[in-house]
Amino acid sequence: MSDPEETQLEARLAEQEAFEPPEEFVEQANVSDPSIYEEFEENWPECWEAAAELLDWESDYDEVLNDDDEPFYEWFTNGELNASANCLDRHLDDRGDETAIQWEGELGETREFTYAELHREVNEFAAALRDLGVEEDDVVTMYMPMIPELPIAMLACARIGAPHSVVFAGFSADALATRMNSAESEYLVTCDGYYRRGDALDHLSKANEGLGGVDHDTSTVVVDRLGDELEHELTDDQHDYDDLVTEHVGAEVEPVTRDAEDMLFLMYTSGTTGKPKGVKHTTAGYLSYAAWTSHAVLDVKPDDTYWCAADIGWITGHSYIVYGPLALGTTSVMYEGTPDYPDKDRLWDIVESYDVNQLYTAPTAIRAFMKWGSQYPEQHDLSSLRLLGTVGEPINPKAWKWYYKHIGNESCPIVDTWWQTETGGMMITTLPGIGTMKPGSAGPPLPGIDARVVDESGDEVAPGEAGYVTVNKPWPGMLRTLYKNDERFINEYWQEYSDPDADDWVYFPEDGAKIDDDGYITILGRVDDVINVSGHRLGTMEIESAVVGVEGVAEAAAVGGDHEMKGEAVYTYVILEDGYEEGEEMAQSIIEGVEEAIGPIARPEKVIFTPELPKTRSGKIMRRLLEDIANGEELGNTSTLRNPEVVEDIAKKVRGD
Ligand code: WTA
């Protein structure tokens, strides 16, 4: 029988809808004065000097915001700085011997880099990249798992003014090739392989396959992660990372002076169309915003040991494993592997071993922890934790409360942070030293952020009504454009709600939301054709074109269906060409086709064969209806369809009748 006190506590937590930040936390918080909201509003855009002040500048900016050419905003105009100098050099005097990166491999091996060591390694690799021919503004692609050489390579690029484009290691060879071609990137940094659940995984073959699809000459650097575990051979245009660094031992590379608006990196993300979008982030706006939000929301202090358990292959890792924490001179923990290897207490073991102060992770992970049970965290002393965070998808109140109680021991504030690849950093969340927390609701927009929930005509909705998120004023961390595609940038983000004639520019993130009487925003999810699988953005068009690429497939539709662990899972509805047979074998080749084209994260949960797809009279696939079918929901009026009779047939198949 369960302990009555425990049961009472559960009941109290289940009912409680609002939680105050713990007093002990408030007393030491980086930001704890509620007047910050008003101050930022009254003093906008100059309020953003607070972010700029967190950086070291080579020359001061003239203007905080230049909005002469909307929506191509510029921040901190004419300021000059270098991101790698901000993340490394300036910490050397005071914090040279403090740990910058605390890395743990899946097998338990550890590597620690002090700021001085990281600085040295970054300098050596920067010298090596230059030697290979990398010049300022050349895009260097990285296709690497969570090993220290990834942030080292990113910072080395930043040092010499070469924008990086990191491609998630779990993406396919095709995805790598598409991104390298789109960015015209002639350099790749990758590795031989890595560990997953104890097995050595070959990564280089996948990288090589990707390089085969690149339409220009390339030079590649290969990190030897696996040593003798995996033999690999390099071709003439491939270089061993260790050899290069050895050739440049002791090299010092002066950080290149970059304009505030110079590109720091590109990050490809999924959108409505099949082609990934190359989101461009800049040196000053992005870095200052990553630093500011790390300071204000994650409460990062130089003496902290801070852990963001995301992958650097996504924006969360860029902003909150690499740039934000290192700009603030703290210790950033990096873990190579999965949370359940060798056992389901791996994360808690890491928190205990390094006395982690902040943990930032995703709802999908929390749902898994909850399912595994509280006995795993209970095996460890988690008392070092001071703050918890989540990002990537909506968190349901039950998971929030589990996290609060079993990981935070009811003494850590939780920040539920809404943001996107495009926003560069957090946008909607409570400030942990100020805001009441409401499980399931991200919170109010951050100070200085003008996020609203509006209806289709852009008018703010009443509390409780569903609408769309918009951001009605620019902010420093915003994307500046889509790489070499200003037109798509405008079409994707600024078309919906802006009124150019009135100089009124409104950013549309394509998320649905509700707002309450206190101005707290609850995110409802994407309203475009993007599926959020375990916090990873996948375009339905990308998946559909992968499915249609499989021999025998005539037409396909991909939608997101609710999934207990992943948040959403991919459902594909498939029409076969004549002469091909429905069944397990075909389903398998479709699943493999998607894995090959995009990566295992896009793996369809279900393949449903159908002779037809529900279409409107104008021939558009009714995705909404397919989603309802996937979720086993009541199907509304289908009479406007061209072929209403197919709906019930498909629904039967999904139900397995
Ligand atoms: C979703 C990840 C609810 C949202 C940083 C957004 C969230 C998309 C939250 C961006 C949150 C992110 N609550 N939904 N706290 N955070 N999202 O570009 O739909 O990979 O548009 O950036 O994730 O995903 P992206």
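Start at 1 with the first residue, then count along the sequence. Counting convention: from 1, in listed order, for ligands and their atoms alike.
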K.L.:
In this structure, is the centre-to-centre distance between the rings of Trp400 and Phe19 below 6.0 Å?
P.N.:
yes
K.L.:
Taking 4.0 Å as the limit for heavy-atom contacts, which would you say applies to Thr417 with ligand 1: side chain only, backbone only, both, or neither?
P.N.:
backbone
K.L.:
Taking both backbone and side-chain atoms of Gly392, is any N or O found less than 3.5 Å from an N or O belonging to ligand 1?
P.N.:
yes
K.L.:
Would you say Glu422 and ligand 1 have an N/O pair spaced under 3.5 Å apart?
P.N.:
no
K.L.:
For Val391, counting its heavy atoms only, list the atoms of ligand 1 lying under 4.0 Å from any of them.
P.N.:
5 (C)
K.L.:
Would you call the rings of His318 and His164 parallel, tilted or perpendicular, taking 30° and 60° as the class edges?
P.N.:
tilted
K.L.:
Quick one: do the Ser319 and Tyr289 side chains pair a donor with an acceptor below 3.5 Å?
P.N.:
no
K.L.:
Which of the atoms of ligand 1 are close to Thr421, meaning less than 4.0 Å from one of its heavy atoms?
P.N.:
18 (O), 20 (O), 22 (O), 25 (P)
K.L.:
Would you call Lys514 and Asp516 a salt bridge, taking side-chain N to carboxylate O under 4.0 Å as the test?
P.N.:
no
K.L.:
Would Glu422 and Tyr493 count as having a side-chain donor-acceptor pair, cut-off 3.5 Å?
P.N.:
yes
K.L.:
Are Tyr507 and Thr423 close enough that a side-chain donor and a side-chain acceptor fall under 3.5 Å?
P.N.:
no
K.L.:
Would you please classify the geometry between the Tyr286 ring and the His281 ring as parallel, tilted or perpendicular, with 30° and 60° separating the classes?
P.N.:
tilted
K.L.:
If the cut-off is 4.0 Å to any non-hydrogen atom of Thr316, which atoms of ligand 1 fall inside it?
P.N.:
5 (C)
K.L.:
Which atoms of ligand 1 have any heavy atom of Pro394 under 4.0 Å away?
P.N.:
3 (C), 13 (N), 14 (N)
K.L.:
Measuring from non-hydrogen atoms of Trp314 to any atom of ligand 1, is the shortest distance under 4.0 Å?
P.N.:
no
K.L.:
Any nitrogen or oxygen of Arg526 lying under 3.5 Å from a nitrogen or oxygen in ligand 1? Just yes or no.
P.N.:
yes
K.L.:
Does a donor on one side chain sit under 3.5 Å from an acceptor on the other, for Ser182 and Tyr268?
P.N.:
yes
K.L.:
Applying a heavy-atom cut-off of 4.0 Å, say which part of Ile395 lies close to ligand 1: side chain, backbone, both or neither.
P.N.:
neither
K.L.:
How far is atom 10 (C) of ligand 1 from the closest protein heavy atom, and which atom is that?
P.N.:
Trp419 O, 3.6 Å
K.L.:
Mind checking whether Asn532 contacts ligand 1 via backbone (N, CA, C, O), side chain (CB onward), both or neither, at a 4.0 Å heavy-atom cut-off?
P.N.:
side chain
K.L.:
Just distances here: any N/O of Arg537 and N/O of ligand 1 closer than 3.5 Å?
P.N.:
yes
K.L.:
Who's closest to atom 4 (C) of ligand 1 heavy-atom-wise, of Val530, Thr429, Asp511, Thr522?
P.N.:
Asp511
K.L.:
Asp450 and Trp475: side-chain donor and acceptor closer than 3.5 Å?
P.N.:
no
